[in-house]
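This structure is a prediction, so every number in the text was calculated from the model and none was measured. Residue numbers start at 1 and run along the sequence shown.
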Amino acid sequence: MSLNHILAQATAEAVKNLYGAEVAADTIVPSTTKKEFEGNLTIVVFPFLKASHKRPEDTAQEIGAYLVEHCDAVEKFNVIKGFLNITIKPTFWTSVLLQVAEKPDFGFKPVTEDSRLVMIEYSSPNTNKPLHLGHVRNNLLGYSLAKIMEANGNKVVKTNIVNDRGIHICKSMLAWIKWGNNITPEQAGKKGDHLIGDFYVLFDKKYKEEVNQLMAEGMSEDDAKAESALMKEARAMLKKWEDGDEEVRSLWRMMNEWVYAGFDETYQRLGVSFDKIYYESNTYLEGKEKVLEGLEKGIFYRKEDNSVWADLTADGLDHKLLLRTDGTSVYMTQDIGTAKLRFQDYPIDQMIYVVGNEQNYHFQVLSLLLDKLGFSWGKDLVHFSYGMVELPNGKMKSREGTVVDADDLMDEMIATAKQMSEGRLKGVPEEEIDNLFRIIGLGALKYFILKVDPRKNMLFNPEESIDFNGNTGAFVQYTYARIRSVLRKSNPDDAAVDVTSYAPNDKEIDLIQRIADFPSVVSEAGRTYSPALIANYVFDLAKTYNQFYHDYSILKEEDATTRAFRLLLSRIVSEVICRGFSLLGVEVPERM
């Protein structure tokens, strides 16, 4: 039982015995005492005034006195108005640390057969271009959220929907036919997603040249775009694809396989994965079928031009197009189809979509439509909405000059880690150096992105992210490596010393209290869908440890019990850092 639970139960017992009122212990939430006041934990007594019929100060005084007498954990207390500040006995903090040491899964709730099943969708790439900086934030948030939800005792299915059909795919295909000379990724010496992305850019270049030529001949811009022979060819190819033309479909499959191989390489390098991948080419017809089923049931309506709509005015929204006049589907229809397949595949209790905030309205509508169509989780789906991520001007421009590719970004981060680590890495074996640069560089990228409130837009600065002295992944990784070095140098006999009667000092207590907070931070991160809570908690823990390490000896401490206790405390700090960073998908090095 955690210290917070012990205090909450003792307080509930105090209110019952002092005032005859029943209070649920889980409604009493002790918080960390503010630094300007004496104490470790604070309980707000205002909710108990109806039972006590006394002033806040008197109520707090009586409850505090009861806790000192009846709760073994409480040493003393003080009262500031309606706030009861409690000081915990130093030796009790030692028992808290020893309890943590006995829990290999400290902070994480077990996943059982009865656990809820949460499906999380993230990534959602198009097969006409490589993953870019926006995808990096999406993937890191999605993967971290999956780890956090699992740590909160949920079964989790990580899923991806690949946008592998449409006019944008045909543009890359047509450019490859016209100007590719049958080149393959192997012949080009490029990843498949980069090669196909190059052809997409080439199509756009040729298309603009054609439009400009037609405009120079006297056409308006709209007429020039409408008369573009290149765009007409792309649309004709899309029609052939939709009609199942085997020649077009064969080319489409071959080029998509090139892209998938490229995506897989990027995902693996970024450290993210999926349990199930869906493809838009398989879901859009399912969505159309579901919409027509809704039409038959009177959930939707058809206009005179044959298009199908949903009337959402009663829900405070507008009318939403679901099928065009020619019967083709829109993105909303495809999302309905994907939801249908997912519901068939898994007994989903909650669906979380990790998608940028420009799609907020889309998911409002999708939630309503899924609910109307009978998906039990539709009304409660979560749109994990996040802001844009940008780079300082002029930094890491991609080959197109407008979008930063994920692969280029990772290369640059590893190179920056190498540059900024020169002279700092002492005693690291030569064979570990390159892998260490990778761990530092990618750790910096992940931490810098995940420490920011996901709802906010952010500016990513590569050099700032690898500052060994700031709120960075590198700072936390260095702290972890420092602790592991101390533990490697320690005498194994120290682990056998009995520390149960050791009374920790204030800085040691501060560290233990932060460690004890880890389960509640994990729980809150799951409740609020916020990896940033984990990131900033781990940084605070590392910063607090560094202050302790600066002020006190560990290996050179002469008292055996004190030395053993500090080694135990150090080990547990390192384990919590490792567990916290695992929820962010960030590796920790044993040496730095």
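Of the N and O atoms on the side chains of Asn360 and Ser385, at least one donor lies less than 3.5 Å from an acceptor on the other residue. A donor-acceptor pair shorter than 3.5 Å cannot be found between the side chains of Ser523 and Ser520. With hydrogens and angles left out, the side-chain atoms of Asn4 and Ser2 include no donor and acceptor closer than 3.5 Å. A donor-acceptor contact under 3.5 angstrom links the side chains of Tyr386 and Asn138, judged on distance only.
More than 12 non-hydrogen atoms from other residues, nucleotides or ligands lie less than 6.0 angstrom from CD of Glu358. Around CG of Asn181, the count of heavy atoms belonging to other residues, nucleotides or ligands within 6.0 Å does not exceed 12. Other residues, nucleotides and ligands contribute over 12 non-hydrogen atoms within 6.0 Å of the CD atom of Glu217. Lys155 NZ: more than 12 foreign heavy atoms inside a 6.0 Å radius. Counted within 6.0 Å of CZ on Arg455, heavy atoms from surrounding residues, nucleotides or ligands total 12 or fewer; the atom is thus considered open.
Tyr143 is linked by a ring pair (Phe, Tyr, Trp, His ring centres under 6.0 Å) to nothing, counting only residues two or more places apart in sequence or in another chain. The side chain to side chain donor-acceptor pair (under 3.5 Å) check on Glu390 picks up nothing, with sequence neighbours excluded. In terms of the side chain to side chain donor-acceptor pair (under 3.5 Å) criterion, Asp105 has no residue partners (sequence neighbours excluded). Looking at residues two or more places apart in sequence or on another chain, you find a side chain to side chain donor-acceptor pair (under 3.5 Å) between Arg527 and Glu524. For the side chain to side chain contact (heavy atoms under 4.5 Å, CB included) test, residues two or more places apart in sequence or in another chain that qualify with Asp305 are Lys303, Ser307, Thr325.
For an aromatic pair to be called close, the ring centres must be under 6.0 Å apart, and Tyr353 with Phe384 fails this. Side-chain rings of Tyr279 and Tyr260 approach one another, their centers coming within less than 6.0 Å.
Under the 30°/60° scheme for interplanar angles, the aromatic rings of Phe203 and Tyr207 are found to lie parallel. Using cut-offs of 30° and 60° on the angle between ring planes, the pair Phe343 and Trp377 is tilted. Using bins of under 30°, 30° to 60° and over 60° for the plane-to-plane angle, the ring pair Tyr267/Phe274 lands in the perpendicular bin.
Side-chain atoms of Tyr537 and Val522, non-hydrogen and from C-beta on, never get closer than 4.5 Å to each other. The shortest distance between side-chain heavy atoms of Arg342 and Glu121 falls below 4.5 Å.
With respect to the salt-bridge test (charged N to carboxylate O, under 4.0 angstrom), the residues Glu227 and Lys232 qualify.
Although no hydrogens or angles enter the test, the distance criterion places a donor-acceptor pair under 3.5 Å between the side chain of Glu210 and the main chain of Ala229. In this structure, the side chain of Asn457 does not engage the main chain of Gly387 through any donor-acceptor pair within 3.5 Å. Between the side chain of Ser172 and the backbone N or O of Phe199, no donor-acceptor pair lies under 3.5 Å. Not one N or O on the side chain of Lys288 forms a donor-acceptor pair closer than 3.5 Å with the backbone of Thr328. Between the side chain of Gln359 and the main chain of Gly356, no donor-acceptor pair closer than 3.5 Å is present. Under the 3.5 Å distance criterion, the side-chain polar atoms of Asn154 are matched with a main-chain donor or acceptor of Met149.
Geometrically, Arg579 engages Phe108 in a cation-pi contact defined by less than 6.0 Å to the ring centre and at most 45° from the axis. Seen from the ring of Phe448, Lys451 counts as a face-on cation partner, given the 6.0 Å and 45° thresholds.
Pairs passing the ring-ring contact (aromatic ring centres under 6.0 Å, His included) check and including a residue from residues 222-251, sequence neighbours excluded, read Trp241-Trp252.
Exactly one residue among Leu145, Ile148, Val111, Ile120 makes a side chain to side chain contact (heavy atoms under 4.5 Å, CB included) with Val156. That residue is Ile120.
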